[in-house]
Amino acid sequence: MGPHPAVAAIRLAVRRVLHDILTEHTSTPDTPGTADAPGPRERPASPLVLVACSGGADSMALASALAFEAPRLGIRAGGVTVDHGLQPGSDLRAEEVVLRLRELGLDPVESAAVRVGRGHGPEAAARDARYAALDAAAVRHGAAAVLLGHTRDDQAETVLLGLARGSGIRSLSGMAAVSGAGGRYRRPFLQLDRQTARKACMVQSLPVWDDPHNADPAYTRSRLRHEGLPALEKALGKGVVEALARTAQLSRDDADALDTWAGRAEASVRDAAGGLQCAKLYALPSAVRRRILRRAAIAAGAPAGSLFARHIEEVDRLITGWRGQGAINLPGKVVARRQGGRLVIRQG
């Protein structure tokens with residue numbers, strides 16, 4: 001008799017991602033040697049894959065599937081839990097998660113304590129601190145990838161948040177299955193719902209920790225999860241989550257195509273000195289032009305996470321609605337202004 005359908009589903013999702021990682025690992029050329037060790041250096045015999053685990057149902061299901069599948073493919077598997085320090089006893093919770101991961105057979109396993117700044121809101125600040133800790137752990141252990149337990153429900157919530165903020169198509173594309181530097185982050189569960197992960201934990205008797213922040217109405221995503229999505233399903237019927245997840249994938253395909261177009265078009269709108277020529281920018285479709293403007297603003301020092309659609313719209317008016325208006329101030333002390341038929345974007 002095979003495993004429970006929920007367990008089989010999460011294992012299959014993880015197996016597919018591990019196959020991809022293993023293929024990439026074996027096809028990557030050997031790295032050059034050093035002065036102390038001339039000649040090419042061989043890659044480790046097997047890659048290391050880490051799982052980011054909070055102790056919740058999604059990440060515990062992911063950790064259990066990784067522990068089961070990785071040895072069968074000759075892959076080493078470890079885990080990291082991040083202690084945000086936002087709740088009393090968070091350090092003890094992190095120690096418990098480390099113990100659970102070790103009981104699953106993962107190695108290395110560690111807890112990373114972080115300090116969450118204020119940033120642009122508590123959720124964004126916690127996310128930034130978490131990813132910084134995961135990046136550091138991946139580099140320290142030489143991990144080929146870090147698995148994240150985001151589900152189809154998380155994807156639907158991300159799309160709705162993008163809609164509410166009036167964001168562009170890139171924001172509506174939600175979370176990518178592969179992201180981060182060099183494709184470090186992998187999300188095997190984007191096609192699975194949250195209940196499948198929870199069911200997998202239940203039938204395997206895996207202890208699960210429910211983060212009280214996930215039910216705290218002070219957090220936007222929590223309100224969306226417990227109030228917004230249920231209200232949408234009541235009004236529109238079941239299938240809203242699946243439809244939003246499909247929207248994310250379709251939006252990502254379109255956004256990728258437009259990004260490629262913008263990358264190719266950028267060289268054609270710059271003069272010999274590298275300046276952006278307003279007349280040539282004006283001739284481009286707005287979706288392509290605004291991508292070029294966004295790339296230029298980021299290159300000048302504007303933080304990508306703080307650069308919103310309304311900022312780019314204001315800069316775009318220097319091209320499409322020029323009436324002698326003054327400079328546009330952007331995040332990161334970057335200033336955009338029109339001078340002599342050229343668009344100048346630089347730190348002020």
Side-chain angles (χ1 to χ4, degrees), residues 7 10-11 13-15 17-22 25 43-116 126-151 179-189 197-198 200-211 213-214:
V7 176
I10 65 169
R11 287 178 179 176
V14 169
R15 189 185 316 140
V17 169
L18 293 182
H19 271 296
D20 292 342
I21 294 169
L22 194 59
H25 177 77
R43 294 181 304 276
S46 60
L48 170 66
V49 175
L50 300 175
V51 58
C53 185
S54 67
D58 302 340
S59 58
M60 281 303 298
L62 182 59
S64 70
L66 175 64
F68 182 85
E69 294 291 341
R72 288 160 174 76
L73 294 173
I75 292 175
R76 295 176 294 137
V80 180
T81 188
V82 178
D83 174 13
H84 298 86
L86 297 177
Q87 301 166 359
S90 63
D91 55 336
L92 298 178
R93 189 274 311 166
E95 291 177 7
E96 291 175 359
V97 174
V98 166
L99 179 61
R100 293 172 188 173
L101 295 180
R102 285 178 176 153
E103 289 173 346
L104 288 172
L106 300 182
D107 182 50
V109 173
E110 68 174 52
S111 169
V114 299
R115 292 188 62 183
V116 177
R127 182 177 60 249
D128 291 344
R130 180 166 59 254
Y131 277 103
L134 294 175
D135 281 334
V139 171
R140 185 164 56 253
H141 293 291
V146 179
L147 305 189
L148 305 176
H150 297 121
T151 65
S179 66
R184 170 174 292 156
Y185 294 108
R186 312 293 174 109
R187 297 177 174 88
F189 289 176
R198 185 167 289 275
C201 289
M202 185 181 71
V203 299
Q204 295 178 100
S205 299
L206 293 173
V208 169
W209 175 72
D210 289 316
D211 187 346
H213 281 173
N214 290 335

Is the backbone N or O of [Y] less than 3.5 Å from a side-chain atom of [X], with the two atoms forming a donor-acceptor pair by type?
X	Y	value
Arg76	Ser46	yes
Arg11	Ser64	no
Ser111	Ala94	no
Glu69	Ala65	no

Could you grab the distance from atom [atom1] of [X] to atom [atom2] of [Y], nearest 0.5 Å is fine?
X	Y	atom1	atom2	result
Phe68	Arg15	CZ	CZ	7.5 Å
Ser59	Leu66	OG	CG	12.0 Å
Met60	Leu104	CE	CG	5.0 Å
Leu62	Ile10	CG	CD1	8.0 Å
Arg184	Asp135	CZ	CG	4.5 Å
Thr151	Arg198	OG1	CZ	11.0 Å

Passes side chain to side chain contact (heavy atoms under 4.5 Å, CB included), Val7 versus Gln204? Steps please. CA-CA 8 Å; Val7 176; Gln204 295 178 100; 3.8 Å; yes
Which heavy atom in [X] sits nearest to a heavy atom in [Y], and how many Å separate them?
X	Y	result
Gly74	Pro47	O-CD, 4.4 Å
Pro108	His141	CG-ND1, 3.7 Å
Ile21	Ala144	CG2-CB, 4.1 Å
Cys53	Val97	O-CG1, 3.7 Å
Val114	Ala133	CG1-CB, 3.6 Å
Phe189	Asp58	CE1-O, 3.6 Å

Counting C-beta onward and ignoring hydrogens, is there a side-chain heavy-atom pair between Ile75 and Leu22 closer than 4.5 Å? yes
Side-chain heavy-atom pair Leu147, Val49 within 4.5 angstrom cut-off: yes
Would you mind checking if Arg115 and Asp83 are paired as a salt bridge, meaning a charged N to carboxylate O distance below 4.0 Å?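 No.
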Identify whether the distance between the nearest side-chain nitrogen and carboxylate oxygen of Asp107 and Arg102 falls below 4.0 Å.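 Looking at Asp107 and Arg102, the cut-off is not met.
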Full working for side chain to side chain donor-acceptor pair (under 3.5 Å) between Arg93 and Thr81: CA-CA 10 Å; Arg93 189 274 311 166; Thr81 188; 3.0 Å; yes
Test side chain to side chain contact (heavy atoms under 4.5 Å, CB included) on Glu103 and Leu99 and set out the steps. CA-CA 6 Å; Glu103 289 173 346; Leu99 179 61; 3.8 Å; yes
Regarding Ser179 and Arg187, is there a side-chain donor-to-acceptor distance under 3.5 Å anywhere? yes
Worked verdict on Leu134 versus Val82 for side chain to side chain contact (heavy atoms under 4.5 Å, CB included): CA-CA 8 Å; Leu134 294 175; Val82 178; 4.1 Å; yes
Quick one, His19 with Leu73, criterion side chain to side chain contact (heavy atoms under 4.5 Å, CB included). Give me CA distance, side-chain angles, the key distance, then yes/no. CA-CA 8 Å; His19 271 296; Leu73 294 173; 3.6 Å; yes
